A.B. asks: 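One structure, pasted below without further comment.
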There are 2 protein chains.
Amino acid sequence: MARVTLKDVADRAGVHASTASRALDPEKGSMVHAETVARVRAAAEELGYQGHAIASGLRRGHTSTLGIVVADLGNPFIAPVVRGIENHLEGRGLMALIAETRDDHGRMARVLNNLAARRVEAVIVTGARRGDEQVLRKAQRQMPIVLAVRHLPGSGIPAITHDDERGGRLAAEHLLEHGHQRIAQLCGPRGISSFDERASGFRNRLRTAGLEVIELEDAAQHPTLAEGRRLMERMLAQRGVVPTAIFAHNDLMAFGALQALAGQGRSCPEDVAMIGYNDTPMTAFTQPPITTVRLPGYELGRMASDTAVVLMEDWEQPRSTLSLPPVLVPRHSTLGWRGET
Amino acid sequence: MARVTLKDVADRAGVHASTASRALDPEKGSMVHAETVARVRAAAEELGYQGHAIASGLRRGHTSTLGIVVADLGNPFIAPVVRGIENHLEGRGLMALIAETRDDHGRMARVLNNLAARRVEAVIVTGARRGDEQVLRKAQRQMPIVLAVRHLPGSGIPAITHDDERGGRLAAEHLLEHGHQRIAQLCGPRGISSFDERASGFRNRLRTAGLEVIELEDAAQHPTLAEGRRLMERMLAQRGVVPTAIFAHNDLMAFGALQALAGQGRSCPEDVAMIGYNDTPMTAFTQPPITTVRLPGYELGRMASDTAVVLMEDWEQPRSTLSLPPVLVPRHSTLGWRGET
DNA sequence: CAGCGCAGCGCAATCGATTGCGGACTACGG
DNA sequence: CCGTAGTCCGCAATCGATTGCGCTGCGCTG
């Protein structure tokens, strides 16, 4: 389609292509007589010349393109992250290629390969899983990589994450403040840093208060509503003390747990307090509204994108690893507990 | 970074770059002695050669890249669409550049320009607004454009949309079936095809049943919870009959309307039935769960991407415009109405 | 008036691959 | 023993731009 090339413009303006190139480049505009610049500009305008960023990039040695790799585009809390990245890139002349792995190692490898072939200048990977270290490290030889949301402990790959350890602590503290003593948690899938860390943060905080967390051997296979319900049912079926407060590792699981509780005739928050994670929009509208931990996804995206840009401009920067603080959002599901003094 | 070039591989294998190129191209592998192919492959392997899709694309005359332009990446029902596009592209060697306009005409223009400069082979635009016709048509001279979700009536730009006219009809029929006679709708922003059409579909269906829809002059500025509440409050404040059923133009507005009703001591569904739109995940979990219209977003993405691919391969195809059928999802907010016989 | 500096522009190489054309060499039939 | 077809591969042009270097004039100085 886009037929008209720089040479066409140059011909029409009666100059050489190199002159046209300089005339059209604001940086080099001064190397060319003002009148010539005007003539070239006019020619470009008349012909409807559209710059060719690809060819230009080839010669100049850059693509002004980043890659974003996500596990699941449908995941609601990935949206703000991508948004943060995108908004940070805009205005810098950068754009992002986006790809989905669907939590498949093979797809991860293929996607990274494809991005490398396209010479993206950096890649932001949200949704890395244990087992991706190999491919990621291999890809790192081709381009800088920044992990976002989830990191790979011990991999040495720079990462921007939420401070989920702290998120777990916040949840624990909130429940302690409201006088709970028998506290349980429903764990998300193992091997994913963000779940593992909120589990240990929660557990450790309770321990320093002299309490032992009630939890199952079992963790959720996927962080879904159905799994939340299943885990809650299993916990209720166990003999022994029934917890007065539950920390579910995300909002959907919290909601599933609520359904299990309702099925047993226990109400929230009167009988059992519930706390979720992520501050999914629905949590404000459920019955009862669910106390949750809010994560600064948009900021995370901006920061990940920021370090990606730094890395792409200056390879071999000190590996900056950063984690952003979450905030507890109290709602009705923990505020009306009957046992509170 | 990626230093090693095809020439390096060729040198190491003791052949000319052109031969190396042929050896590495599965299509042309037969033009080269099998043993040589093996030698080149080995050399490429040892050197860690990574193909250069940009340079190759420049010569071959394609980029294997599409553009996706969305209004708001945070919009929950845009995610499945992007997902559908992405999944359809994958495996075809295509990738997508993604950009956000935030409903700003200027940004739309800049984004399209940027995509054109990068020589994307087609662009899928979700979230076109009235007023974008100019830029879109101009961009169309550079590359094929497919509208998704929202279309621009009369623009002649091919579009894949939801059949919102029909969505409105479905909502109307559902309410009629349940015996409602005084029915109102809360309209989303004007000038956006999807809202305008669900309004007229709803209105027309009621008319053929001999009913006139109750509605305000006013429409929502944005399809948000706050606006839903505001409109509902205004409607309740008006003298005259109170509707027994409300059609809100999306789920958030429906929820805002519910809050306004609750504020006046009216309960749903006993006093007033409520129906939303989009089947946002939250609607299943609110109290009461909200009847809504489900849109096949993923399929829409796949089809949009499909027609984009067709168009990029064969410019000047018949402009295929298509709309996908929505489905009504009945939930409690319309099923427990007191007035039903 | 010779010489120098500088502004403005063109030449040709370059980025990293692909490809039409033709050369060298083998093999085979007559 | 020669002509010819067929295989494999190299040469050089090409995709569309950018850029180091050098040439041409012009104006100014000593």
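As the structure is a computational prediction, the values presented were derived from the model and not from experiment. The figures that follow rest on heavy atoms only: side chains count, while hydrogens, waters and symmetry mates do not. Proteins come first, then strands; the chains are lettered A, B, ... in the order of their sequence lines, and each starts at number 1.
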A.B. asks: Heavy-atom count check: over 12 atoms from other residues, nucleotides or ligands less than 6.0 Å from A:His105 NE2?
C.D. replies: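 Atom NE2 in A:His105 is crowded, with more than 12 foreign heavy atoms closer than 6.0 Å.
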A.B. asks: When you measure from the side chain of A:Lys28, which nucleotide among D:dA17, D:dT19, C:dA17 comes out closest?
C.D. replies: D:dT19
A.B. asks: Can you tell me how far P of C:dG16 sits from CD of B:Gln50, to the nearest Å?
C.D. replies: 14 Å
A.B. asks: Which whole-number value in Å describes the distance from B:Leu6 CG to C:dA17 C1'?
C.D. replies: 7 Å
A.B. asks: Would you mind building the protein contact string for nucleotides 4-9 of chain D? One character per nucleotide, 5' to 3', B for base within reach (heavy atoms under 4.0 Å), S for sugar-phosphate only, - for untouched.
C.D. replies: ----SS
A.B. asks: Just how far, in rounded Å, is P of C:dT14 from CG of A:Leu58?
C.D. replies: 14 Å
A.B. asks: Taking A:Ala96's backbone N and O only, do any of them form a donor-acceptor pair with A:Glu86's side chain (distance below 3.5 Å, no angle check)?
C.D. replies: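 Side chain of A:Glu86 to backbone of A:Ala96, a donor-acceptor pair under 3.5 Å: no, none is there.
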A.B. asks: Expressed as a whole number of angstroms, how long is the span from A:Arg119:CZ to C:dA17:P?
C.D. replies: 7 Å
A.B. asks: Closer than 4.0 Å, any side-chain N/O of A:Ser56 to the OP1 or OP2 of D:dT18?
C.D. replies: yes
A.B. asks: Under 4.0 Å from OP1 or OP2 of D:dA17: is there any side-chain N or O of A:Tyr49 that close?
C.D. replies: yes
A.B. asks: With both distances kept under 3.5 Å, what pairs with D:dG30, Watson-Crick or G-U wobble?
C.D. replies: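 Here D:dG30 is engaged in a pair, and the nucleotide opposite it is C:dC1.
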A.B. asks: Taking only the side-chain nitrogens and oxygens of A:Ser21, find out if one of them lies under 4.0 Å from OP1 or OP2 of D:dT18.
C.D. replies: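 Yes, A:Ser21 has a side-chain N/O under 4.0 Å of OP1/OP2 on D:dT18.
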A.B. asks: Suppose the criterion is side-chain hydrogen bond (donor to acceptor under 3.5 Å, both in side chains): which pairs have a residue in residues 28-46 of chain B, not counting sequence neighbours?
C.D. replies: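 For residues 28-46 of chain B, and leaving out neighbouring residues, the side-chain hydrogen bond (donor to acceptor under 3.5 Å, both in side chains) pairs sorted by first residue read B:Arg12-B:Glu46.
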A.B. asks: Using modelled atom types and a 3.5 Å cut-off, is there a donor and acceptor pairing between side-chain atoms of B:Thr101 and backbone atoms of B:Asp103?
C.D. replies: yes
A.B. asks: Let me know the distance between CD1 of A:Ile54 and C1' of C:dG16, rounded to the nearest Å.
C.D. replies: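 Distance check: A:Ile54 CD1 to C:dG16 C1' gives 13 Å.
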A.B. asks: Does B:Arg129 offer a backbone N or O that forms a donor-acceptor pair with the side chain of B:Asp132 under 3.5 Å?
C.D. replies: yes
A.B. asks: Has B:Asp25 got a side-chain atom pairing as donor or acceptor with B:Ser21's backbone, closer than 3.5 angstrom?
C.D. replies: no
A.B. asks: If only atom types and distance count, is the side chain of B:Ser155 paired as donor or acceptor with the main-chain N or O of B:Glu133 below 3.5 Å?
C.D. replies: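 Side chain of B:Ser155 to backbone of B:Glu133, a donor-acceptor pair under 3.5 Å: no, none is there.
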A.B. asks: Which of the following nucleotides, C:dT19, D:dA17, C:dG16, is nearest to the side chain of B:His52?
C.D. replies: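 Of the candidates, C:dG16 comes closest.
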A.B. asks: Assign each of B:Gly14 and B:Arg60 to its nearest nucleotide of DNA chain D by heavy atoms, then name whichever residue's nucleotide is nearer the 5' end.
C.D. replies: B:Gly14
A.B. asks: Write down the distance between CZ (A:Arg118) and P (C:dA17), rounded to a whole number of angstrom.
C.D. replies: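 It is 15 Å, rounded to the nearest whole Å.
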A.B. asks: Whole angstroms only, please: what is the NZ-P distance between B:Lys7 and C:dT14?
C.D. replies: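 Taking atom P of C:dT14 as the reference, NZ of B:Lys7 is at 11 Å.
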A.B. asks: I'd like to know if B:Arg59 reaches the base of D:dT14 with its side chain, counting only an N/O donor and acceptor under 3.5 Å.
C.D. replies: yes
